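Step one of this worksheet: look at the structure below.
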There are 2 protein chains.
Amino acid sequence: MPQPHDAQMRLAVSTVIFALRPDAAGRAVLWTPLVRRTREPQLGLWALPGGWLPVNEELEVAAARTLRATTGLAPKYLEQLYTFGEVDRSPDARVVSVVYWALVQSDEAARAVAGPNVRWVPADTLPGLAFDHNRIVEYALWRLRTKVEYTELAHSFLGETFTLAELREVYEAVLQRPLDPANFRRTMIASGRLRETGELLAGAAHRPPKLYRYDASVRTAGAREPFQSERPAS
Amino acid sequence: MPQPHDAQMRLAVSTVIFALRPDAAGRAVLWTPLVRRTREPQLGLWALPGGWLPVNEELEVAAARTLRATTGLAPKYLEQLYTFGEVDRSPDARVVSVVYWALVQSDEAARAVAGPNVRWVPADTLPGLAFDHNRIVEYALWRLRTKVEYTELAHSFLGETFTLAELREVYEAVLQRPLDPANFRRTMIASGRLRETGELLAGAAHRPPKLYRYDASVRTAGAREPFQSERPAS
DNA sequence: GAGAGTTCAGGTCAGTCTGACTCGAACTGC
DNA sequence: GCAGTTCGAGTCAGACTGACCTGAACTCTC
């Protein structure tokens, strides 16, 4: 029979945050911000942003708050990932962590706050993190990579308007493989979710591309997934 | 800044259990077992099986235990569904529930324990449940119905060996639409996951069908999903 | 200012996949 | 022995996808 838990059990909320940034070679890759632990256990190690869940705060709000505290930005996409609760995942008390994952816009991420206790690292080559956080980020990466193929969340990395080449770059960075530009255009247009703004992006040394805007109002064919939030309250 | 939670916050584990059973008309549909609440709040209402998380018990083990306590059976499939933590979902203290969903074998479910405080109901026509449990079951149903289309979890409803017609019945009951027998056979065989046992099922008033066995050892084309468990420890 | 170099936008084509359908095989019940 | 059923295997047309082609439209270089 279940027994009431005692004060040794604590509930935390953490968030895996993803943004696209250029790597050393200038190619866009996934980055994630980490915070340095300022207290025991695991003092000094890098960890996911997060904290204890306040009694009167919603889980998703707590996730958005820690995200803002770390990056100074509001997520364009925020969704619950998984709840990690292994008995031995923290050396001291039993800690159950409700983990969210978030996408933030690339150009805003470029001017994200940085400091001695906040550090952005490439999501695919993580250092050794505190607790089971390496495993958590790997799962979040897996979820992002599978979900980007059957949903329309890629635009969350971009601004209000974008070209098809920019959108394709997002897919290529997330999926880590090149996509045929012509076929990519065809499938994106066929999805019915893109609206032409009527404007072109001038300045490049080639034919100026059309600017598009994402249209979320189009009804999805299948049933819409519950419990996701687009542009949550900041 | 996050503040440490106090004793007003409690962590629970619940499970949505699905099994196939014939309805009044004899057609196989999804059923789920409920338990009657024996204490306040919501005393007397029907609710999901579950309980408080013991400090030294793993989340998944706690889910399997409550499942066994309710149905007397071991699940053939068990996976974390979502964590529900709205501040006002329980009238008294703040309760955060880590919810799992499980599939149990049809013929075993037929001899599941029943009593004044345990009741099986058709999953699509639920009575008014305690707390936010209606919403939770609906989400679990959505997850089952979408996931059965791109994974191989349907066989979890069946025994060791089964005919293609039996497997098709599972899909039809879950998806709530008829499937073409010939096309169903083609795609199932093409998946490479079915092994002929060499035996036939005799006795029916038609050509005897082959018996198949599910082969989990075949490598999946895409990356395998983490954090699912097939046949967890009972 | 003409040509080179680039990507953009739209198209073709072949192979794959999927839903609808057909037909003989193999059993039981009458 | 015939009717009725599902089983198992096959056909066919349309949809979809990856590979590829071509003219359009811009900037940069000479």
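Below, read A as the first sequence line, B as the second, and so on, with proteins coming before strands; counting in each chain starts at 1. Just so it is clear, the structure is predicted and the values come from calculations on it, not from any experiment.
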Whole-Å distance between [N] [atom2] and [X] [atom1]?
{"X": "B:Leu167", "N": "D:dC7", "atom1": "CG", "atom2": "P", "result": "12 Å"}
{"X": "B:Leu211", "N": "D:dC7", "atom1": "CG", "atom2": "P", "result": "12 Å"}
{"X": "A:Glu199", "N": "D:dA25", "atom1": "CD", "atom2": "P", "result": "19 Å"}
{"X": "B:Arg186", "N": "C:dG19", "atom1": "CZ", "atom2": "P", "result": "8 Å"}
{"X": "A:Glu196", "N": "C:dC8", "atom1": "CD", "atom2": "P", "result": "14 Å"}
{"X": "A:Arg185", "N": "C:dT7", "atom1": "CZ", "atom2": "P", "result": "13 Å"}
{"X": "B:Met188", "N": "C:dG19", "atom1": "CE", "atom2": "P", "result": "12 Å"}
{"X": "B:Ile189", "N": "C:dC17", "atom1": "CD1", "atom2": "C1'", "result": "17 Å"}

### Message
Give me the atom names and distance for the closest heavy-atom approach of A:Ala154 to A:Leu167.
### Response
CB-CD1, 4.1 Å

Keeping [X] on the side-chain end and [Y] on the backbone end, is there a donor-acceptor pair under 3.5 Å?
{"X": "B:Arg145", "Y": "B:Val174", "result": "yes"}
{"X": "B:Asn134", "Y": "B:Pro127", "result": "yes"}
{"X": "B:Lys76", "Y": "B:Leu158", "result": "yes"}
{"X": "B:Thr15", "Y": "B:Ile17", "result": "no"}

### Message
Applying ring pair (Phe, Tyr, Trp, His ring centres under 6.0 Å) as the test, list every pair that has at least one member in residues 182-205 of chain B; sequence neighbours left out.
### Response
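Sorted result for residues 182-205 of chain B: B:Tyr171-B:Phe184.
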
### Query
Between A:Lys210 and C:dG10, does any side-chain N or O lie under 4.0 Å from OP1 or OP2?
yes

#### Entry: Stretch residues 175-183 of chain A: residues that reach within less than 4.0 Å of DNA chain D through a heavy atom
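Hits under 4.0 Å, by residue number: A:Asp180, A:Ala182, A:Asn183.
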
### Query
Taking the six-membered ring for Trp, are the ring centroids of B:Tyr82 and B:Phe84 within less than 6.0 Å of each other?
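Aromatic pair counts; centres sit under 6.0 Å.
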
Check the interface with nucleotides 27-30 of chain C: list each N/O to N/O pair with the protein under 3.5 Å, or write none.
residue, atom, partner, partner atom, Å
C:dC27, O2, B:His206, N, 3.3

### Query
Quick one: do A:Glu79 and A:Arg143 make a salt bridge, cutoff under 4.0 Å?
yes

### Message
For B:Thr197 and B:Thr161, which I'm curious about, is there any donor-acceptor pair between the side chains at under 3.5 Å?
### Response
no

